[in-house]
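This report refers to the structure that appears directly beneath it.
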Amino acid sequence: MDVISTIKKGVAKAMEMQYQTQIDSDTVMVNNTKKEFDGDYTVVVFPFTKAAKKGPEQIGQELGQFLKDNVAEVSDFNVIKGFLNLELAESYWLQFLEQLNDLKDYGRGTSNGKKVMVEFSSPNTNKPLHLGHIRNILLGWSCYKILDAAGYEVLTTQIVNDRGLHICKSMVAYQSYGEGETPESSGIKGDHLVGKYYIKFSSIEKEQIAALKAEGKDKEEAAILKEAREMLLKWEANDPEVKALWKLMNGWVLGGFETTYKKLGVSFDKNYFESETYLLGKEFVMKGLDKGVFYKKEDNSVAVDLEDVKLDHKTLLRGDGTSLYVTQDMGTANQRFEDYGVDKMVYVVGDEQIYHFKVLFEILKRLEQPYANDLYHLAYGMVDLPSGKMKSREGTVVDADELIAEVINEAKKNAEEKGGLEDFDQDQKNEVYRKIGLAALKYFILKVNPQKRMLFDPKESVDLQGDTGPYIQNAFVRISSVVKKAGTFNASSAKEYKTMEPSEKELAFLLSEYPGIIQTAAQNYDPSAVASYCFELAKTFHRFYHDVQIMRADSEAAKAFRILLAGNVAKVLGSGMDLLGIQMPERM
RNA sequence: GGCUGCGUAGCUCAACUGGAUAGAGUACCUGACUACGAAUCAGGCGGUUACAGGUUCGACUCCUGUCGCGGUCACCA
């Protein structure tokens, strides 16, 4: 049992013994004591004033005394304005740190036997990935890592949007202007090559629309757009020529995506392709009709009435029997359940689709699907640039591959200026630059609460100082360096260390919080909680490092204790950053 | 317009889900390397938490209203 629950139970017991009042120990408020006060944990006593019929100050004193006398871990207390600050015994912290030395997977929750699928990225196969995808991908990956650490069995997936009019657009342009160009012949990465023709399509369409407007005609009349529409019809009719071109170009794009995913260090356990799943879900419509959950309109289309939950009416099947976005999502959700038997699904999708997912989840609930009560839409805010909103049509998108190359290059520039890696060969150096650059980028994005819209300043994203990924890496590297230099030492003498410095106790306290951080991050699907924790731990370590001597400590006991403590900090930093998909270098 | 989300230091973000004097980073100013890594540390400057009410021992957090900025309201995905 952790200390916090011990304290809560202690308080409940004290209330019973001293005031004859029954309270649920879960309702007791226990916070971390603020820095400016003495103590480790703080019990808020205001809520007890009514039951105890005494003032907060007096209750605090009486509760504190009881806890001090009856709870072994509590060594002292003080009461300030109705806040009972508890100090834990030195021996408690020393013991905690000692058992930490042998724990390998510290922080990981025990398996809860539940299987969850996390969907993220889910790109269109007509253009390369951009900054928006990067936020999505990093969030999805980190969520997977966090849920995994919290005790779930996790599967990652993406649904590749590889069919539809927008896909035909780049195909049409390529057919007319491609001249047989391939990624190999042009040296252009597959997704970028296809993207090039998507842009080509847009510019031609624009010209044609301008011409049509001059003649006073509708923009839907643009010849190239008509071509794309025809191609879509052929695609759906399984025209062999169109299918072959589609296969070829899709292959290029997917190959390009794979390269980018690899650079980011993410992978998927399962890919779903919309070209294969877009017909799924129709059976659901029949099921819903049978159950009376859906209704049929006069024109033969099928809809659902969600007005009672303020979601309006939603059409699920067109009059001609073809399906829609929601219908497809119903089908794929069920497919996942049939493929893997998942208990829970998380969708990492932008917040502009909040309404869509509310509708989807509501429908699945009404159809009484077994997984329907454990669906979560991790809605994240858009990424803004200092210049404003990203718009692919206006060419203000930040390309994923370019961005990755840029952050790594920036890390390289800084590292070369700083020096210190002269004994590394070029490959080793590049590996370090890669880790630093990616840490800067990933941390910059993940430290922001997902729900919030965020501003991406390219300049700040490559910063290496302050609240950044490299700052945390630096703490880790410092520890590696010290531990290495320390060589062999008598680890068992650490047990003789009795009086901790304030910064040592702070570190112990932070380390003890790690398992709880993982659990709340998992509950809230919030990597930023892990990010700020890592920063706090790194910062406290840097201060500790500055304040106390490790290798030249006063005693052998102090030296051993500090080396072990530093090692545990490194262990947790490495583990925490791994939850963000960030790797630690040994040197930097 | 209906529904919905957001508004915290010059800038980028926190605040343990209602708890103490609202904290970090950055920018700007100052100090600390011939001893374990200065990508570091210490100090200073910076706030009527958009505004106005309300709920209570206590509100950035909950309720009401106002202003400002997004998103969304398809038989598109």
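Letters go in sequence order (proteins before strands), and every chain restarts at 1.
Evaluation of the side-chain hydrogen bond (donor to acceptor under 3.5 Å, both in side chains) test over residues 442-453 of chain A, restricted to residues two or more places apart or in two chains, returns A:Asp384-A:Arg453, A:Tyr443-A:Asp467.
Residue contacts for A:Asn449: at a heavy-atom cut-off of 4.0 Å it reaches the sugar-phosphate backbone alone, with no base atom in range.
In the interface, the side chain of A:Asn85 is paired with the base of B:A20 through a donor and an acceptor atom under 3.5 Å apart.
The pairing partner recorded for B:G7 is B:C67, the criterion being a Watson-Crick or G-U wobble arrangement whose two distances lie under 3.5 angstrom.
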Distances under 3.5 Å only, N/O to N/O: pair up the protein atoms with those of nucleotides 24-34 of chain B.
residue	atom	partner	partner atom	Å
B:G25	O2'	A:Asp467	N	3.2

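We find that the ring of A:Phe46 and the base of B:C57 stack, their centres lying under 5.5 angstrom apart and their planes tilted less than 30°.
Between the P atom of B:A77 and the NE2 atom of A:His356 lies a distance of 10 Å, rounded to the nearest Å.
Between A:Phe46 and A:Phe83, the ring centre distance stays below 6.0 Å. Between A:Phe476 and A:Phe541, the ring center distance fails the sub-6.0 Å criterion.
Contact between the side-chain N/O atoms of A:Lys452 and the OP1/OP2 oxygens of B:U12 is not found at any separation under 4.0 Å. Note on A:Arg318: a side-chain N or O is less than 4.0 Å away from OP1 or OP2 of B:C76. Residue A:Tyr545 places no side-chain N or O under 4.0 Å from the OP1 or OP2 atom of B:A35.
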